[in-house]
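What follows is a single structure, written as structure tokens, with notes after it.
The model shown is predicted, which means the values in this text are computed figures rather than measured ones.
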Amino acid sequence: MDGKKIVWLTALTGVLALVCAAQNSAKAEQSPTGAGIFEGRGNIGTVLHAGSVEYDAAKRSYTIAGSGENMWFASDAFQFAWKKVSGDITLTADISFLGKGANEHRKAVLMIRQSLDADSPYADAALHGSGLTSLQYREEKGTVTHEIQANISAPARLRIEKRGAYFSLWLAEENGEFHLAGGSMRIALKEPFYVGIGVCSHDKNVVEKAVFSNVDLKAAEPAPVAASAYTLYSTLEIITVASTERRAIYVAPGRFEAPNWRPHGKTLLFNRNGRIERIPVTGGTPQTIDTGFATRCNNDHGISPDGTQLVISDNSQEEHRSLVYIVPIGGGAPRRITQKSPSYWHGWSPDGKTLAFVGERNGDFDIYAIPAAGGEEMQLTTAKGLDDGPEYSPDGKYIYFNSERTGHMQIWRMRADGSEQEQIMFGEDNDWFPHLSPDGQQMVFVTFDPSVKGHPENKDVMLRMMTLKDKKVTVLAKLFGGQGTMNVPSWSPDGKQFAFVSYQLVPKEAGTGHVP
């Protein structure tokens, strides 16, 4: 065969492969599953190998074979069995892979998806071949995929739940008891949307199989009206700034708040029920730090630059109004710093000599500085309206803070002595609690809707970041939170991550832990 024919046949083969792949992708909305609860099945995106869905009525199980390069970035490629639905729903299944697998990142998913387009917005409960389990999501069509990694690996049973615009991941171990597995995220999907199960091989040249058994798709129970019908869950999370990927460290019913990251990088602190607790950044069981008589600690606490001392704001003494104390980092008797109350700590100067705090004096909240060794407080702000959240820049030259002197809450900064006060953030949103990265190049903060007054709990909020050099602002996460989410310094020592707390209000029926 001459060279021209070889070139021609090679080109024709490539064209036919692309045509077949396109045909495989286009079949998603045309091919019924033939049985079970789903209406259709097919390949989403461009795949080189046709997938399949087999239903075993006796076992109520689906075996899905899927190819596809990935379900990530701005487009997906996988085999999907789906049903078109509306409203709040839950989808639950046992998932197991067949065979050893070619790639540990192969995925089997429970998915809620806006459309069958490859770049559609979606949320899914994704079980990886390695056992990693996460809530993955694409917020808008064509944008990059993100995830919240669960604190449980290789669960026996998975559930994804949609309530309004919020999606959450629940996991069960062998005993069948479900646990909330991490933070929630919000996406505004239009009705109707697609819900189903799918498999991606994470290798375009390979087909992988997974079995979905005991599949249960149902409408979620109507949201109760009474607040007492809900259980509040708190999730301690770590977010990687470069990728905005989130990882759940600790999840528990009840409220805990305001993580600090210790300078050695191994431990996080937070407050719960008036006490300060510590937990490894890898997760585990929290331990309570001894703070002596200070047993009503609020969420304004932090760690000295050298890592040897803990500063707390506590309401246990005198008129039960907050006072600032210092205790050894390992625990011990509190040493009183502020004589007047209420006083709420927020910043520690890089040289370790000065504390910045918020104090209410004569009916007005302003920012003050006081020696860490104790002494007289010095007032730094005098503007009418609340000034809050003071934090030193890493070089010690500035204090960043939030102020409502313009009519709504904005980020400001001033010299450490209170001079040269200038506005940093401009806009209609209400921005709170600026935290500077260790290199002083970035600032993260909590953003409330323009209609929200103060910094209340249980609100739709965003975590945003400003690059100080060019004033560019990006959204890092959208979550349910507010008060307690990120009140105090929480950057990792290397400046690559920071910690925060997200919240979920779960109807008590859903929080019982029993499989319906």
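Asn299 and Gln483 form a side-chain donor-acceptor contact under 3.5 Å, judged by distance and modelled atom types alone. In the model, Arg138 has no side-chain atom that pairs as donor or acceptor with a side-chain atom of Tyr122 under 3.5 Å. Residues Asp460 and Tyr166 have side chains that bring a donor and an acceptor to within less than 3.5 angstrom of each other. Counting only N and O atoms by type, the side chains of Glu161 and Thr90 include no donor and acceptor under 3.5 Å apart. Between the side chains of Lys453 and Asn430, no donor N or O sits under 3.5 Å from an acceptor N or O. Ser75 and Asp119 share no donor-acceptor pair across their side chains, judged by distance under 3.5 Å alone.
More than 12 heavy atoms of other residues, nucleotides or ligands sit less than 6.0 Å from atom NZ of Lys162. More than 12 heavy atoms of other residues, nucleotides or ligands sit less than 6.0 Å from atom CD of Gln379.
Using a 30° and 60° split on the angle between ring planes, Tyr344 and Phe365 fall in the tilted class, from 30° to 60°. By the 30° and 60° cut-offs, the orientation of the rings of Phe293 relative to Tyr325 is perpendicular.
Residues satisfying the side chain to side chain donor-acceptor pair (under 3.5 Å) test with Arg275, not counting sequence neighbours, are none.
Legend: ring pair (Phe, Tyr, Trp, His ring centres under 6.0 Å) pairs involving residues 449-474, not counting sequence neighbours, sorted by first then second residue: Trp432-His455, Phe433-His455.
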Which donor-acceptor pairs under 3.5 Å do the side chains of residues 280-290 make with protein atoms, sequence neighbours left out?
unit_1 : atom_1 : unit_2 : atom_2 : d
Asp290 : OD1    : Gly292 : N      : 2.9

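Here the CD-OG distance, from Gln441 to Ser437, works out to 6.5 Å after rounding to the nearest 0.5 Å.
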